[in-house]
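Because the structure is predicted, anything quoted here is derived from the model rather than measured. Computed over heavy atoms, backbone and side chain alike; hydrogens, waters and symmetry mates excluded.
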Amino acid sequence: MTSRNRHAVGRRSVLKGAGAAAATAIAGFPFISRAQNKPIKAGMVTIGSGRGAMVGSASSKGASWEIEKFNAAGGLNGRPIELIVRDSKGKPEESARIAREFVNSDGVDILFDADSSAAAFAIQEVAKETGVLTVHMNSETSSLTADPKIRSWNAFRSARQGIHDSIAGGSYAAEVSKTKGLKTWMGCSPDYAYGRDSNKLFFEYLKHFHKDAEVIGESWPKLFQPDYTEQLTKILQTKPQAVYTCLWGGDLTAFIDQSNIYNLFAQIQVFAINIADYSILTAVKNLPKGIHSGSRYLSTFPATKENADWAAEYRKKFNEHPVNWSWENASGAKFVTEAIKKTNSVDPKKLAEAMSGMTIDSPFGVGGKLTLRAEDNTLVNYATGWGETIQKDPYVPDVKAVDWKVILELEHEWKKANKYI
Amino acid sequence: MDLSALGSCLISPSCVITQSTSGLIIGLLLFLVAAGVSLIFGVLKVVNFAHGAFYMLGAYFAYSAYQLSGSYLIAVLAGGIGVAIFGVLFERLLISRVYGSPVLMQILVCYAMILILDDVVKIIWGADFLSFGMPPAFQQLPILFAGGVVPVFYLFLIVITLIIAALLGLLITKTRYGKIVRAAAVNPSMVSALGINTGVVYASVFMLGGLLAGLAGGLAAPVRSLTAGMGTSIIIESFIVTVIGGMGSVAGALVGSILIGLVRSFGSIGFPLFTEGLMFVMMAVVLVLKPSGLFGKEGR
Amino acid sequence: MSARSSLLRDSLIAIAAFLVLAALPYIFPSKGFTDFVVRLAAFGIFATSLNLLVGYSGMESFGHGLYFGLGCYTFALIMQNFAVSIPVAFLLTIFLSILVAVVVGSICVNLSEIYFAFLTLAFQMLLHSLIIAWTPITGGDQGLTGGIPRPPFLGIRLDNYYHLYLFSSGLLVVCLLAMHHIVQSPFGYTLRMIRDNVSRAPFLGINVFRVRLMAYVIAGAFGAVGGIVMSLFVSGAFPDFAYWTISGEAIFMIMLGGLTVFLGPLVGAVMLLLLNDVVTKLTSHYGIVLGGIILLFALGLRKGVLDFVADMWRDRRQATLSAENRSEVAASAKPAVAAGE
Amino acid sequence: MTTTTNRTIFSAENIDVFYGTSQILFDVSIAVSEGQTMALLGRNGAGKSTTLKALAGLAPPKRGKTTVLGTEMQRRKPHVIARAGLGYVPEDRQVFPEHSVEDNLLIAEKKGPNGEDYWTLARIFEMLPMLEPLKGRMAGRLSGGEQQMLTIGRTLMGNPVGLLLDEPSEGLAPVIVQQIGALLRKLRDMGVTVLLAEQNMHFCLGIASHATVIDKGEIVYRDTIEALRANEDVKARYLAL
């Protein structure tokens, strides 16, 4: 996925692509690096095709809008940022290749990783090797920044993080369990790194907050598995009181649709961390009420005017609802533009220094602030909470925010337990 | 591995019923796709890798038809007929041009088609996944049967796919058309010399395969999320079915599909992390012991 | 020309090719270029090794990625977990690949055509399932991350990109030379004879099973070398390298470049990698563009580029002998008759 | 019942046929007129089968033309030629082995070029009574002779105006060969136009009226079959084994 139009990444046409193809076929031969252009170049690696295509679509919108604002305000002394978006097709090795190509051939100043978690690790290797300023905008896998062996001085994460969400989820689920008397649990998470981590940590913190909780079964659908019947019937056989799932995207909608016909939600309390996102809420035709969900992105949470305005403007601009990736990428781009303004430079060392520990005003933060924590270059203080679904807008009317003090405390212990600190 | 869980499931009637229906439903939808793959291979000797994309198209056609008409029946028919037409065009315009070429060249054409169709779907219907929604008629509580749980919609799917399977079986074994198709699979030049236009036969087989895949896509749409690339997993399973059942055999495709469905549903209890591997083990075992498949003819 | 003198000639060509490759980074001083050649080395070796089966032996394997993935993971795992030198890990990887190829090959090579294709595919997917399921060792779907240690050996420091470039180009040249020697040897002729007329071979005292198995094992070993280069390039391993699509890509390289000419797969690898890189760069509609180009090749040329060139060359030479024979070839390929054969 | 006239039912005119790059037929011409049974004689590999295949459209000629009822057919697909009224019975009895005898016949059922519908299942069984009790049996399980009868019957089901028969006696027991000979005489008496490719001249004697001899892809002799019988020179040069 590529667009050289810095004003509207979302607007593409085949014809224009063909014209560009003809024009750059000679000049754009991949090995011949061209002279540094006037604009500041930012290269985004993301998924633009196949089942993950929506990642690229939302990510590029979130980031490009922020960049557009920066450019409209005059850029860096008149130098705008040019965002180049390329499709890794969901293959980590291709992500690594594109990232290297961005740095080595296109000479980008900033690398935006809006790809999968697996790709984030591959891109992290490129970041370490090349020293280019890198922002991971979608990867939620904690070890990417928590593990000092993997962490890099020039790589930041503007996405939410698995460990934070698990602590938040565990504490919320424990509250619900205590009031509803839920003891037996089952997990149904996708069988890949994110799913396994999220599942494991959720139950770890559930038990931390609620000693009586017991996991009596697990089922592991494959990522992008079309049919969850076998997992659903297994859940029905095991008869837990509650189920945790971190399925996401189209997998989650299929899971909800299929659960509905088994009448699962009436029999079992379901905690699905990824439902409260407009990509799911608006797509599912018969959204059951009473599912517990973590907040991904909601225009009503945080319940501020800034957040509601941002969502409304986004909708007007792109004719679709913003989603989790939108705010994560917007935030990543915002940190970078703020750092550029602050340092008046695109030098990676200066930018990294500025971004480390940086706090910005943001509609997505608790109290309107987001911070890139200095000790591990990762995002903290973003709005996170849980609530129950209803069938129509605002879908999750009452989101209970989870206290960041609790999250940070337990995160610290988790890091110690994993010998990261 | 959790063999004790599998054991205790097998002695519990409720578990057996629930898992069997889930195996049946997975298997029967798979059958509709695999039967087309098997038929096309049997008659044209073409490994139609693009068949998963046919299934995807069926789901999307059904989605749009459902948006326009609000009728699930019309949606499913639109999926089936739309893909049937597409199948004929694909065969006439592309695949028929590489009949004489090596198998790998045909696969190359199919692969190109998958790339193009996934992109076209993304352009027309968007990069986001779509959810069809359960038709109101099926928004009912599941039926309880001997302790097992069977959703009404799945019961409907099982019945309708079994009817389609039976009709397909009759079509292939009893009608003149079916006899010609089977004859063309064995000896196309002789069929041609008897005054039958094999080009039409080939196109019709693609039409039939497309119809089945399109119906499968439409039928499954209410419970599967629609995305570009949704055909990839089903095509691999279809090939496993085709190999296990025997290439070109409709009965083999049915048995193979149900077998895969059951392996998935019971495997998820006994080997939750290795169900995929289990299917490939099955395929390898069949290929080693009886390369032509359970229902295949030897020496072909 | 005797086998010996042709080996000498090939070796000279190989040395010249290597020297040219070694000099190129001074002309294109871009890491983009060296990256490209390293990837090309991985895929070039891999695709050519598959063509030993597809083109020279008539064994259409769909599961050759088994060896690419195996090579990639084995090498990366040995380097990460044991303090051995790169040549030792290299040889251990090849040894393991040969073992696996002997076992898998013994089961597969007796099957005919499409069944061989599917069974090899099944074994490859088995490895893929194993990689995905065996998370503690392989890293599962996340891949093997954390980088591959590269202790220097013989003055070669693979953590330097130019050294890695030289090492990969050297491997590419050596492997191609070795494979070319194999297909030109009596063994290579035996392979082609079996391909063209399998029923005649036993009458000539040829043990078809053994010859095929040997070809399969040789191809597997070279396929693993491609995987090793890839693991050095990405500094790790990903399950995609054992997925069926990797076999598919090698097949496309062969079909695009040509299967009747020894260098066809290498040319195909250049084409497919360039196509991928350029198309990914230029358009968001990657699938339509790449699919369209593949269709043009498949339906327009109906053969690989080098096949096409070779045929043209042959035709030109024959033109004086019989100007009209050529179109007859086309006419005899009537679909109705041909599809049933 | 028709009798022999001078109207040509089907013909080949100056055809050249290639397999790949090697030429098999050189400037072959042959015409069979209404009601005639013509024998095409020659050694194994002389080009008899290829001539029949060229007429049937299975080995399209590179040059020259073929006709059926006066229409040019050299560029036509086999099924078009079959529908134009030319029936082809291959030499190796290509029955559909997994279809029943009855299904083999029914697959081929069609009207002739002018709407003829003389041949029905009942008439075929009347003509080939040995097939009727076997009608439910898989064709692959029939004996060679039965399969030969079946392929002839199958082609007749298409109500052809002309029939190409490729070595119907080959590899069959003498008693079966006699039966096939009787069948061909019956067809001749019914006025069916036949081109009969054979190595065995004696088999043709009571059946064919005329003979054409082919050798190395070229026509070397044509006359009545009686004249050929008397011509020891031609027989020795082109037909002796």
Which atom of B/Leu115 lies closest to which atom of C/Gly291, heavy atoms considered: CD1-N, 4.0 Å
From CD1 (C/Ile294) to CE (B/Met105), nearest 0.5 Å: 11.0 Å
B/Val109 versus C/Leu295, closest heavy-atom pair with distance: CG1-CD2, 3.7 Å
Note, B/Ile107 side chain near C/Ile251 side chain (heavy atom, < 4.5 Å): no
CD1 on B/Ile123 to CD1 on C/Ile288, rounded to 0.5 Å: 3.5 Å
Contact origin within B/Thr232 toward chain C - heavy atom pairs under 4.5 Å: side chain
Selection from B/Ile240, B/Asn187, B/Ile236 maximising heavy-atom pairs under 4.5 Å formed with chain C: B/Ile236
Distance (rounded to the nearest 0.5 Å) between C/Ile107 CD1 and B/Leu287 CG: 11.0 Å
B/Phe280 vs C/Trp244, ring-ring contact (aromatic ring centres under 6.0 Å, His included): CA-CA, chis, key distance, verdict: CA-CA 12 Å; B/Phe280 288 106; C/Trp244 64 272; over 10 Å; no
Inter-residue atom distance B/Lys45.NZ - C/Ile114.CD1, 0.5 Å rounding: 10.5 Å
Smallest separation among heavy atoms of B/Ala284 and C/Leu119, with atom names: CA-CD1, 3.5 Å
Winner by heavy-atom pair count (cut-off under 4.5 Å) against chain C, out of B/Val46, B/Val243, B/Val98: B/Val243
Side chain, backbone, both or neither of B/Val47 within contact of chain C (heavy atoms, under 4.5 Å): side chain
C/Leu130, part contacting chain B, at a heavy-atom distance under 4.5 Å: both
Close side-chain approach of C/Tyr115 to B/Val288, heavy-atom, < 4.5 Å: no
Distance (rounded to the nearest 0.5 Å) between C/Ile254 CD1 and B/Leu108 CG: 11.0 Å
Structural part of C/Phe62 lying under 4.5 Å from a heavy atom of chain B: side chain
Atom of C/Phe118, atom of B/Met283 and distance for their closest heavy-atom approach: O-CE, 3.1 Å
Structural part of B/Ile114 lying under 4.5 Å from a heavy atom of chain C: neither
